[in-house]
Visitor: 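Got a structure for you, questions after.
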Amino acid sequence: MKNYRIQKNPFVVPTNDGKLIEEHHGIPSTENKELSIAHMIAPSGWSEPFQTPEFDEYTYIIKGKKQFIIDNEIVVIEEGESIKIYRNTRVQYSNPFDEPCEYLAICTPAFDFNKVNREQ
């Protein structure tokens, strides 16, 4: 057994909003419940409903910029910047800008659809 694992085939999360989600480590890709790492590309005009996740989420912007509404405050981060959203914080993620946003998302514990608590 090797003391490392190279991930060459991330789990591509099915979406219907044009967003690319490639999970490299996490529950569906490597059965890791402690941490998830995903590469994402959010198209221009993309947004998600408000949610209150039961996990911390770190976002690092590779290209473009991304908007967050955190407890009614609009926060925008750009290429080369990162942010940590603490668990049990009400947040909405979006890309209202004219270009796609490419970023990495890291969740601890791992992202879990049953613990994201999206609003209807």
Side-chain angles (χ1 to χ4, degrees):
M1 180 172 144
K2 294 184 180 184
N3 290 326
Y4 62 90
R5 177 179 182 169
I6 297 173
Q7 174 60 286
K8 294 183 180 181
N9 298 300
F11 175 74
V12 178
V13 178
T15 65
N16 58 10
D17 59 4
K19 182 178 176 186
L20 171 68
I21 305 172
E22 298 173 322
E23 184 183 84
H24 284 260
H25 296 276
I27 296 170
S29 56
T30 58
E31 300 178 4
N32 186 340
K33 294 180 181 178
E34 297 174 23
L35 170 100
S36 59
I37 301 173
H39 170 251
M40 303 192 192
I41 300 176
S44 176
W46 165 86
S47 70
E48 289 182 337
F50 277 93
Q51 55 197 1
T52 307
E54 297 173 33
F55 44 82
D56 294 335
E57 184 162 351
Y58 301 81
T59 301
Y60 172 77
I61 305 299
I62 298 168
K63 292 181 185 174
K65 52 189 172 179
K66 185 176 176 186
Q67 178 176 287
F68 305 76
I69 300 176
I70 306 164
D71 295 330
N72 298 317
E73 178 184 355
I74 295 174
V75 176
V76 175
I77 64 168
E78 301 183 23
E79 184 175 321
E81 296 179 329
S82 64
I83 188 171
K84 176 184 181 181
I85 310 292
Y86 294 94
R87 66 188 76 198
N88 302 315
T89 299
R90 186 172 184 261
V91 61
Q92 181 195 41
Y93 301 104
S94 67
N95 178 11
F97 309 107
D98 293 333
E99 62 181 315
C101 178
E102 181 177 5
Y103 61 99
L104 294 176
I106 300 168
C107 299
T108 58
F111 181 92
D112 183 335
F113 281 109
N114 297 316
K115 295 181 178 180
V116 73
N117 302 313
R118 286 199 178 131
E119 298 176 13
Q120 297 299 325

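No experiment lies behind these values; they were computed from the predicted model shown.
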Visitor: Do Tyr58 and Leu104 touch side chain to side chain, with heavy atoms closer than 4.5 Å?
Guide: no
Visitor: How many angstroms lie between CD in Glu81 and NZ in Lys65, if you round to the nearest 0.5 Å?
Guide: 10.5 Å
Visitor: Testing the basics here: between Lys66 and Cys101, what is the closest heavy-atom pair and its distance to 0.1 Å?
Guide: CB-SG, 3.8 Å
Visitor: How many angstroms lie between atom CD of Gln92 and atom CG of Asn72, to the nearest 0.5 angstrom?
Guide: 11.0 Å
Visitor: Checking one residue: Phe55. Which other hydrophobic residues are in its cluster under the side-chain 4.5 Å linking rule?
Guide: Phe11, Val13, Ile21, Met40, Trp46, Ile61, Phe68, Ile70, Val75, Ile77, Ile83, Ile85, Val91, Tyr93, Tyr103, Phe111, Phe113, Val116
Visitor: Using the side chain to side chain donor-acceptor pair (under 3.5 Å) criterion, which residues pair with Asn117? Sequence neighbours excluded.
Guide: Glu54
Visitor: Check the hydrophobic clustering (I, L, V, M, F, W, Y; side-chain heavy atoms under 4.5 Å; chains of links allowed) and say if Phe97 and Ile62 are grouped together.
Guide: no
Visitor: Are Arg90 and Glu119 close enough for a salt bridge, meaning some N to O gap below 4.0 Å?
Guide: yes
Visitor: Glu79 vs Glu102, test: side chain to side chain contact (heavy atoms under 4.5 Å, CB included). Steps then yes/no.
Guide: CA-CA 9 Å; Glu79 184 175 321; Glu102 181 177 5; over 6 Å; no
Visitor: For residues Ser47 and Ser94, report the shortest heavy-atom separation together with the two atoms involved.
Guide: CB-CB, 3.5 Å
Visitor: Of all residues at least two apart in sequence or in a different chain, which pass the side chain to side chain contact (heavy atoms under 4.5 Å, CB included) check with Leu20?
Guide: Val12, Glu22, Ile41
Visitor: Of all residues at least two apart in sequence or in a different chain, which pass the side chain to side chain contact (heavy atoms under 4.5 Å, CB included) check with Tyr86?
Guide: Asp56, Lys84, Thr89
Visitor: Please list, chain by chain and in numerical order, all residues satisfying side chain to side chain donor-acceptor pair (under 3.5 Å) with Glu78, sequence neighbours excluded.
Guide: none
Visitor: Is it the case that more than 12 heavy atoms not belonging to Asp98 sit under 6.0 Å from its CG atom?
Guide: no
Visitor: Are more than 12 heavy atoms from other residues, nucleotides or ligands located less than 6.0 Å from atom NZ of Lys115?
Guide: no
Visitor: Name all pairs fulfilling the side chain to side chain donor-acceptor pair (under 3.5 Å) condition that reach into residues 24-38, sequence neighbours left out, sorted by first residue then second.
Guide: Glu23-Ser29
Visitor: Side chains of Arg87 and Pro109: closer than 4.5 Å at any heavy-atom pair?
Guide: yes
